Chemist: 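I'd like to ask you about the structure that follows.
Keep in mind that what you see is a predicted model, and the values were worked out from it rather than measured. Residue numbers count from 1 along this sequence.
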Amino acid sequence: MACRFILQNPSKRKLLHSTFASRSASTLVLAEHEGGSIKAQSLSAVVAANSISRDNPVSLLLAGSGSSLQQAAEKAATCHPCISQVLVADSDKFAYPLAEPWGKLIQLVQLKGGYSHVIATSSSFGKNILPRAAALLDVSPVTDVVEINGPNQFIRPIYAGNALCTVRYTGASPCMLSVRSTSFPVPPLGDSKSDGASISEVDLSTLDEESIGKSRFIKLSSEETDRPDLGSARVVVTGGRALKSAENFKMIEKLAEKLGAAVGATRAAVDAGFVPNELQVGQTGKIVAPELYMAFGVSGAIQHLAGMKDSKVIVAVNKDADAPIFQVADYGLVGDLFEAIPDLLEKLPEKK
């Protein structure tokens, strides 16, 4: 692969146009599902696949077991007009998204389908599965893509998002990508297609049992909450180390409840034990781009900014007027968060 650095400012960005004439594109999207529905971030991967080329048939791969898988497949067939086929791998081997069985499944499907591209989102699911599948197929994946300029030319951030790199893929098929879901928003689709995509079962008879049994699922720990998912929430309220304790962090949670928002945290707050690590926003946490991002006691370390600076409106409250967070904030308040949050809680109406 060859790389070229370009300016981060979109108005000054000079795009390279590919002169590579590839064979007709066909894309396999690795989809996540839960509760009988496709996750929103997987639809972002479909949007990314659609931008590779105009004539690009998109196949959606679902794996799991039970009735929820079949429900997800039926909904996937009509959820986006770009999807031409839904492939279903129904087996207890895929009850949990482990890298070993999924890697072998992708290898099996690729050998039969001969796809030019394989796409997953840069979620924990994609980051876990894509590298192993790429190793089995002996190709090098292009990760964390934020823009697609053609079948073999992509833009991805480097240096914690301070620079953008244009990458031209020149390796063997398939070209494997992980994409940031926040960079490929799903537009309103209107009414679903009357005649959905075809649904086909994947033949798993040749799947080698020994090669997928090197890891096993132990348990899933999750917290029941009415708050929206951090990765897809319209509003995110984030707290930093300045909150000083897990008890004080509850102010962030109360404010989020009033706003109907998701709760986020900096790495410092997570490392201090204020909240669990699944709430971490940043380069080593979750990448978010909500309509409103509120940061309380967040200094604005470069690693944190990499995970939230694409938010539509950023509001920051910090005692330090020189905090880097104010450089990206649309609205900033130099003040004590222990005074600002109670004032907000008092003046905001109760969530209906």
Chemist: Mind checking what makes side chain to side chain donor-acceptor pair (under 3.5 Å) contact with Asp229, not counting sequence neighbours?
Modeler: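 Partners of Asp229 by the side chain to side chain donor-acceptor pair (under 3.5 Å) criterion come out as none, since no residue qualifies.
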Chemist: Quick one: which residue pairs count as a salt bridge (Lys or Arg N to Asp or Glu O under 4.0 Å) with a foot in residues 264-275, not counting sequence neighbours?
Modeler: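 As it turns out, the salt bridge (Lys or Arg N to Asp or Glu O under 4.0 Å) pairs with a partner in residues 264-275, which skip direct neighbours, are Arg267-Asp271.
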Chemist: With sequence neighbours excluded, tell me which residues meet side chain to side chain contact (heavy atoms under 4.5 Å, CB included) with Ala73.
Modeler: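 By the side chain to side chain contact (heavy atoms under 4.5 Å, CB included) rule, Ala73 matches Leu62, Val86, Val88, Ile199.
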Chemist: In chain order, what residues pass the side chain to side chain donor-acceptor pair (under 3.5 Å) check against Asn128, with sequence neighbours excluded?
Modeler: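 Asn128 satisfies side chain to side chain donor-acceptor pair (under 3.5 Å) with no residue once adjacent residues are dropped.
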Chemist: Please output the side-chain donor-acceptor pairs of residues 35-50 that fall under 3.5 Å, not counting sequence neighbours, one pair per line with the distance.
Modeler:
unit_1, atom_1, unit_2, atom_2, d
Ser37, OG, Lys75, NZ, 3.1
Gln41, NE2, Glu32, OE2, 2.6
Ser42, OG, Glu32, N, 2.9
Ser44, OG, Ser181, O, 3.4
Ser44, OG, Phe184, O, 3.1

Chemist: Which residue pairs pass the salt bridge (Lys or Arg N to Asp or Glu O under 4.0 Å) test with at least one member in residues 234-248, sequence neighbours excluded?
Modeler: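 Counting only pairs at least two positions apart or across chains, the salt bridge (Lys or Arg N to Asp or Glu O under 4.0 Å) contacts touching residues 234-248 are Arg234-Glu291, Glu247-Lys250.
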Chemist: Have Thr27 and Tyr115 got a donor and an acceptor in their side chains that come within less than 3.5 Å?
Modeler: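 Absent: no donor and acceptor within the cut-off.
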Chemist: So for atom NZ, which belongs to Lys319, do other residues, nucleotides or ligands contribute more than 12 heavy atoms lying within a distance under 6.0 Å?
Modeler: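 Check fails, neighbour count at 12 or below.
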Chemist: Applying side chain to side chain donor-acceptor pair (under 3.5 Å), can you list everything that pairs with Ser68, at least two apart in sequence or on another chain?
Modeler: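 Partners of Ser68 by the side chain to side chain donor-acceptor pair (under 3.5 Å) criterion come out as none, since no residue qualifies.
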Chemist: I'd like to check the side chain to side chain contact (heavy atoms under 4.5 Å, CB included) partners of Ala63; sequence neighbours left out, ordered by chain and number.
Modeler: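 Side chain to side chain contact (heavy atoms under 4.5 Å, CB included) list for Ala63, sorted by chain: Ala89, Phe94, Trp102, Leu105.
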Chemist: Can you confirm whether more than 12 heavy atoms, excluding those of Glu34, are under 6.0 Å from its CD atom?
Modeler: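 Count not over threshold, so no.
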Chemist: So, using side chain to side chain contact (heavy atoms under 4.5 Å, CB included) as the criterion, who are the partners of Ala272 when residues are at least two apart?
Modeler: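 Ala272 satisfies side chain to side chain contact (heavy atoms under 4.5 Å, CB included) with Phe274 only.
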Chemist: For Ala134, enumerate each residue passing the side chain to side chain contact (heavy atoms under 4.5 Å, CB included) test, keeping only those at least two apart in sequence or located in another chain.
Modeler: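 Side chain to side chain contact (heavy atoms under 4.5 Å, CB included) check on Ala134 returns Val139, Pro141, Met176.
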Chemist: Can you tell me which residue pairs pass the side chain to side chain donor-acceptor pair (under 3.5 Å) test with a partner in residues 326-335, sequence neighbours excluded?
Modeler: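 For residues 326-335: none.
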Chemist: Parallel, tilted or perpendicular: which one describes the rings of Phe154 and His117, with boundaries at 30° and 60°?
Modeler: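 Correct class here is perpendicular.
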Chemist: For Ser124, what residues pass the side chain to side chain donor-acceptor pair (under 3.5 Å) criterion, not counting sequence neighbours?
Modeler: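 Here no residue qualifies.
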